[in-house]
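Notes for the one structure printed next.
Chain A is the first sequence line, chain B the second, and so forth, proteins listed ahead of strands; every chain is numbered from 1. Remember, predicted model here, so these are calculated numbers, not experimental data.
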There are 2 protein chains.
Amino acid sequence: MSLYGVIPFAHHLLERVITHGDTVVDATAGNGHDTAILAEQVGASGCVVSFDIQPEAIQNTRDRLKSGQLAERVELIGDSHAYIGDIFRAKRYTPPKAAIFNLGYLPGSNKTVTTSSESTIAAITQLLDLMPSKGLIALVIYHGHEEGKKERDALLSFTSSLDQEFFLVARYEFSNRKNHPPFLLALEKL
Amino acid sequence: MSLYGVIPFAHHLLERVITHGDTVVDATAGNGHDTAILAEQVGASGCVVSFDIQPEAIQNTRDRLKSGQLAERVELIGDSHAYIGDIFRAKRYTPPKAAIFNLGYLPGSNKTVTTSSESTIAAITQLLDLMPSKGLIALVIYHGHEEGKKERDALLSFTSSLDQEFFLVARYEFSNRKNHPPFLLALEKL
């Protein structure tokens with residue numbers, strides 16, 4: 001495939017802004033896939049702060065990091081990303097350069113626990129406040145399920161109203177595919 | 001800026017598929033900016049076939065290539081890209097690996113001559129037929145002017161109906177900007 005898939009493009013954008021030693025955020029640790037990729041991108045001197053409200057997700061992520069010898073680069077937070085601002089301040093973490101959200105439900109789980117637009121938007125707002133200029137947030141939006149449709153609409157409304165003087169919002173999607181393929185919103189703090 | 005602008009992203013996608021020695025197409029030579037970039041990407045052994053119906057555009061492109069010592073890599077065609085299939089066959093050109101369209105009017109001109117959806121769609125259809133698998137077409141769509149709006153709607157309708165078994169259509173755009181910023185449609189032949 002010559003074009004980027006949605007998730008590879010999200011990782012490519014993050015790779016362009018992240019340098020070794022940075023602190024970054026995985027707002028939805030899930031099974032740890034993105035956390036592991038971010039841990040590679042920040043290098044041995046960097047830090048990934050990974051959030052998930054589900055103990056199962058935190059455990060899966062911990063297991064994946066151990067097998068990749070990346071555990072030392074990651075802070076696992078078993079709490080909602082909606083408290084990201086308070087947590088960063090309380091723990092005195094370096095402001096994050098970048099963040100990724102993989103929105104929807106935990107792959108392989110019972111699908112009853114999903115992300116919600118309220119906590120997602122709360123987290124994004126706090127991240128944009130914490131981040132330095134040129135900081136980037138990648139949102140991968142799955143909208144095949146009912147809660148996903150609501151979250152999609154709320155995020156499109158929220159992001160398209162961000163003031164273009166301070167933020168840039170890019171959207172990347174496949175427009176001839178059926179079955180609601182996921183799409184990417186990428187937010188840059190100018 | 002951490003995010004790609006629309007035109008830099010088009011060039012980046014083309015760069016990923018183009019290798020030295022390839023034949024590629026600039027369907028709208030304009031002032032030769034894209035033709036010069038493509039000429040760099042195909043190298044000394046490659047070929048850019050550049051179309052424009054306006055003699056002024058062909059001359060501007062010729063001048064730009066001379067100053068960049070790239071003229072030998074380029075075939076300038078003072079005719080409509082709507083005849084691209086016949087021209088490629090008649091001249092026995094190697095099938096194109098990639099193409100770019102910068103749609104709208106010639107920058108700096110009197111804005112009375114614009115591209116039209118009929119000829120653009122005819123050219124895209126012929127290019128998709130000529131191209132090898134993994135071939136890529138980048139369409140940069142300006143839709144601030146009246147004819148541009150019609151062309152945009154026709155192209156969105158045409159591209160979104162392309163069969164996902166054979167083609168992939170990606171859209172990249174800034175979603176929080178005013179004043180109808182240009183956006184990108186990228187078509188891959190699978």
Requested in this report: Run through A:I87, A:V25, A:T120 and flag the one making a side-chain contact (heavy atoms from CB on, under 4.5 Å) with A:H81.
Outcome: A:T120
Query raised in the report: Is it true that the side chains of A:T35 and A:S50 contain a donor and an acceptor less than 3.5 Å apart?
Result: yes
Requested in this report: Please state whether the side chain, the backbone, both or neither of B:K178 comes within less than 4.5 Å of a heavy atom of chain A.
Outcome: both
Give, as side chain, backbone, both or neither, the part of [X] having an atom under 4.5 angstrom from any heavy atom of chain B.
X	result
A:L13	side chain
A:R16	side chain
A:F9	side chain
A:L136	side chain

Query raised in the report: Would you say the side chain of B:L190 lies within less than 4.5 Å of the side chain of B:F167, judging by non-hydrogen atoms?
Result: no
Report task. Please answer whether the main-chain N or O of B:V24 pairs with a side-chain N or O of B:D22 as donor and acceptor at a distance below 3.5 Å. Result -> no
Requested in this report: Among A:K134, A:K189, A:R171, single out the residue with the greatest number of heavy-atom pairs under 4.5 Å to chain B.
Outcome: A:R171
Query raised in the report: Is B:I58 linked to B:Y93 within one hydrophobic cluster, defined over Ile, Leu, Val, Met, Phe, Trp and Tyr using a side-chain heavy-atom separation of less than 4.5 Å?
Result: no
Report task. Could you tell me whether B:D86 and B:R89 have a side-chain N and a carboxylate O separated by less than 4.0 Å? Result -> yes
Query raised in the report: So which of B:L3, B:L184, B:V17 has the biggest tally of heavy-atom pairs under 4.5 Å with chain A?
Result: B:L3
